[in-house]
Trainee: 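Right, I'll just put the structure down here and ask away after.
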Amino acid sequence: MTTLYENGIVVTLGKPNRVILNGSVFTNGEKIESVGDAASLKKRNPQADIVDCSGKIILPGFICTHHHFYSTMARGMAIPGEPAANFVEILERLWWKLDKALAAEDVSLSAQIPIIECIRNGTTTVIDHHASPSYRDGSLDIIESAVRLAGIRASLCYEVSDRNMPGGGIAENERFIKKVGRGDGQVAAMMGLHASFTLSDGTLEKCVGIANDAGVGCHIHVAEDAADRDDSIKKYGIPTVKRLDKMGVSGKQAIFVHCVHIDESEMDIIAGTKTAVVHNPESNMNNAVGVSKILEFLKKGILVGLGTDGMSSDMLAQMRTAYLLQRLANHDPRVAFMEAPQLLLKNNAEICERQFGLKLGEIAEGLPADLAIIDYQPPTPLNENNFLGHLIFGLVDATVDTTVCRGKILMKNKQILSLDEERITARSRELAPQVWKRL
Ligand SMILES: [Zn+2]
């Protein structure tokens, strides 16, 4: 199947980033075959299906490197008792109650809804972190089915934690990792770990062994709150990153999420082991845990990506929050203009290349046909030099019209094609109150 996405503003990203004002992208099957001037691509590909992109900008599909699909049914949920006053209470009173209340169909709906939201926001690849202790075995297969049906790409894992039972979740992770292996380009697997403060040395040792044998990385929350750092120092005499590194959790395939409360020597360990860090600014602000020193991380050569931590599936909004937060936290209006977009557009693609073995995040010949086509009529000239200004102050509020992943159109004219949004959300509204009753 060949498709010509024509007459849009094509922003290729990659090196060099090209802005083609009247451009087209020609896809053949799952790949981009050519990109360039609209008139010449039309002449060369007269038989292709046509998608008119006039009045729109064509970008590579966005990537989220840390998500929690399972958090869906927390929306609008009343939490009994006093409001949680700190991070650990937020886990105990909200997330560890919600995840335990999820049954099989809830897991499925909880995945399908954020996937629809990903497609609505042009997010075509997600690295997810799942928990559903009462319906654990087989839960990753349910999410995999939702991912395949919807047509996006996702790396999946189950959150191992000793909080309910020692080593809870190891078997589900191991089973899924063995089944998926290094993945098929659409679905990949990681070893999911909750966080240092809910994992014993014995559990970590088992998980690292399984991950190493399979050649996959560990995906873990690291020093999100000071409580995680304090716990590691108290129990093991060393801060979180040092402990995790000692246990073999770090490495080029690994993802350390958050890293809000780490010191410079821990940053050096992360840089030295080439471990990726994922920044989730909206979540950090929502939980009032602090601000990651991502500008320092970047200066040290750490690969820092951007995730939503389940807050939303809108990566452009997340990018702008990262930009605003760093300016405020550093009291410096000169910073983050380059760095916040870099997290989203370049670094997330590099993290995914490690997980999926695919080069994403660029519109170029031979690369995967993952596209976000967004309504955007630039009010000022747009070119390679000022694209980031349009991204941060314009595109962030624009509406995605069409989303393409693996060469398939998942949303066209703002209509989701691959999933029945009305039926799925109606069923979720039916089931959510039952989940809430089980809290
Ligand atoms: Zn998270």
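We count ligands from 1, going down the list as the structure has it; atoms in each ligand are counted the same way. This is a predicted model, so every value here is computed, not measured. For reference, positions follow the sequence shown, starting with 1.
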Trainee: Hey, do the aromatic rings of H194 and W96 have their centres closer than 6.0 Å?
Mentor: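 Yes, they do, as the ring centres are separated by less than 6.0 Å.
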Trainee: Could you pull out the atom name of the N/O/S atom in D309 that is nearest the Zn ion (ligand 1)?
Mentor: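 Sorting the N, O and S atoms of D309 by distance to the Zn ion (ligand 1) puts OD1 first.
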Trainee: Do you know which N/O/S atom name in H68 is closest to the Zn ion (ligand 1)?
Mentor: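 That would be atom NE2.
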Trainee: Can an N, O or S atom be found in H66 less than 2.8 Å away from the Zn ion (ligand 1)?
Mentor: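 Yes, within the cut-off.
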Trainee: Can you say whether the rings of F393 and Y323 are parallel (under 30°), tilted (30 to 60°) or perpendicular (over 60°)?
Mentor: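 Perpendicular: the ring planes of F393 and Y323 meet at over 60°.
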Trainee: What class does the angle between the rings of H258 and H221 fall in, given that below 30° is parallel, 30 to 60° is tilted and above 60° is perpendicular?
Mentor: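 It falls in the parallel class, under 30°.
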Trainee: Is a side-chain N or O of S232 found less than 3.5 angstrom from the main chain of R229, in a donor-acceptor match?
Mentor: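 Side chain of S232 to backbone of R229, a donor-acceptor pair under 3.5 Å: no, none is there.
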Trainee: Out of the candidates I373, I58, V51, only one should pair with V25 under the side chain to side chain contact (heavy atoms under 4.5 Å, CB included) rule; please name it.
Mentor: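 One option only clears the test, and that one is I58.
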Trainee: At less than 2.8 Å, would any N/O/S atom of E224, backbone or side chain, sit next to the Zn ion (ligand 1)?
Mentor: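 Here the distance criterion (N, O or S atom, under 2.8 Å) is not met by E224, so no.
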Trainee: Is there an N/O/S atom in H67 at a distance below 2.8 Å from the Zn ion (ligand 1)?
Mentor: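 So H67 does not bind the Zn ion (ligand 1) by this criterion.
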